[in-house]
Amino acid sequence: MFEFVEHSDTEIYAKLAYAFAQSLHNLGNKTAYLAFSGGKSPIPFLERLVGEDVAWDRCALSLVDDRIVPPDHKDSNALLIHRHFLDKVRSKFKIEAPFTPLVTDASLPPEMILAKALESYKQPDLALLGMGLDGHTASLFSDAPEYEHALSTTQPLVLTTPQNAPHKRISMSLHALESCKETWLLISGEEKRRVFDEAAKGINPKLPISFILHSKKVNCHVFYTR
């Protein structure tokens, strides 16, 4: 199920960063496995998170999903995480936070990219999610031919081909998202609030985020700002 928190623009990212860091501390001294989403929405949160009292060199980072593009492509989620989190951790603390991308060579056939990602996959303890105006989360798009497979498989990673968004993608499956100890959803704007409110009513196959909000396996902390 989910918990909903609303804050002003000036508070939301600091509140989320603090709460996320506290969940990290609650994991104890073991290596913490984290998966971050891409897109513009998480950037202020990621930059705030750098300043939290966390031993980032003892955290293993990966992605909830990524587009199958070269690592220096403007649409690469890995590039975004490097710019707005990993590079800042390195600059501030002079340490390297371990990071495992989902796509290491975009020139390979998608099935081989998936196989290589599965070889290095570690189940995240915490996952930061986003949500699109179509209700997708991670790269679980209801219009993708692989959607039903992504919802039903026990494989942690899947390929998806959204019909109304660019690039073929690799994404955590619903099973993998529900296997996290906690998930965190950051949304902003009135349009996304309307989508969220619809998804909050109950499971709706047209709104993939609804499966996380109403999951009996993992709790989702929802942070919203206008």
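The basis for the numbers below is simple: all heavy atoms, side chains too, and nothing from hydrogens, waters or symmetry mates.
- Listed by first then second residue, pairs satisfying salt bridge (charged side-chain N to carboxylate O under 4.0 Å, His left out) with a partner in residues 100-114 number zero, not counting sequence neighbours.
- Side chain of H214 to main chain of G202: a donor-acceptor pair is present (N/O by atom type, distance under 3.5 Å, no hydrogens or angles).
- In this view, K181 and D125 satisfy the side chain to side chain donor-acceptor pair (under 3.5 Å) rule, not counting sequence neighbours.
- The side chain to side chain donor-acceptor pair (under 3.5 Å) check on H7 picks up E11, with sequence neighbours excluded.
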Output side-chain donor-acceptor pairs under 3.5 Å for residues 205-212, partner residues at least two apart or in another chain, one line each.
{"unit_1": "S210", "atom_1": "OG", "unit_2": "N204", "atom_2": "N", "d": "2.8"}
{"unit_1": "S210", "atom_1": "OG", "unit_2": "N204", "atom_2": "O", "d": "3.1"}
{"unit_1": "S210", "atom_1": "OG", "unit_2": "L207", "atom_2": "O", "d": "2.7"}

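- Judged as a ring-ring contact (aromatic ring centres under 6.0 Å, His included), and not counting sequence neighbours, H25 has no contacts.
- Remark: K168 engages E146 in a salt bridge (charged side-chain N to carboxylate O under 4.0 Å, His left out) (not counting sequence neighbours).
- For E198, the side chain to side chain donor-acceptor pair (under 3.5 Å) partners two or more places apart in sequence, or in a different chain, are K201.
- A search for side-chain contact (heavy atoms from CB on, under 4.5 Å) contacts involving S215 returns E178, K217, V218, not counting sequence neighbours.
- Evaluation of the side chain to side chain donor-acceptor pair (under 3.5 Å) rule for S173 yields no partner, not counting sequence neighbours.
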### Message
With ring-ring contact (aromatic ring centres under 6.0 Å, His included) as the criterion, how do Y147 and F141 come out once you've worked through the C-alpha distance, each side chain's angles and the decisive distance to 0.1 Å?
### Response
CA-CA 6 Å; Y147 182 52; F141 289 83; 9.2 Å; no
Tabulate below the donor-acceptor pairs under 3.5 Å that side-chain atoms of residues 39-59 make, not counting sequence neighbours, or state none.
{"unit_1": "E47", "atom_1": "OE2", "unit_2": "H84", "atom_2": "ND1", "d": "2.9"}
{"unit_1": "R58", "atom_1": "NH2", "unit_2": "N29", "atom_2": "O", "d": "2.6"}

### Task
Just do the side chain to side chain contact (heavy atoms under 4.5 Å, CB included) check on K116 and L108 with the steps written out, would you?
CA-CA 10 Å; K116 290 173 72 68; L108 295 173; 3.6 Å; yes
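- Evaluation of the ring-ring contact (aromatic ring centres under 6.0 Å, His included) rule for Y13 yields no partner, not counting sequence neighbours.
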Using a 3.5 Å cut-off and no angle test, enumerate the donor-acceptor pairs between side-chain atoms of residues 89-97 and protein atoms at least two apart in sequence or in another chain.
{"unit_1": "R90", "atom_1": "NE", "unit_2": "E96", "atom_2": "OE1", "d": "3.4"}
{"unit_1": "R90", "atom_1": "NE", "unit_2": "E96", "atom_2": "OE2", "d": "2.6"}
{"unit_1": "R90", "atom_1": "NH1", "unit_2": "D87", "atom_2": "OD1", "d": "2.9"}
{"unit_1": "R90", "atom_1": "NH2", "unit_2": "E96", "atom_2": "OE1", "d": "3.3"}
{"unit_1": "K94", "atom_1": "NZ", "unit_2": "S91", "atom_2": "O", "d": "3.1"}

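- T225 places no side-chain N or O within 3.5 Å of a backbone atom of I12 that could act as its donor or acceptor partner.
- Taking CD1 from I170 and CG from L114, the interatomic distance works out to 5.0 Å, rounded to the nearest 0.5 Å.
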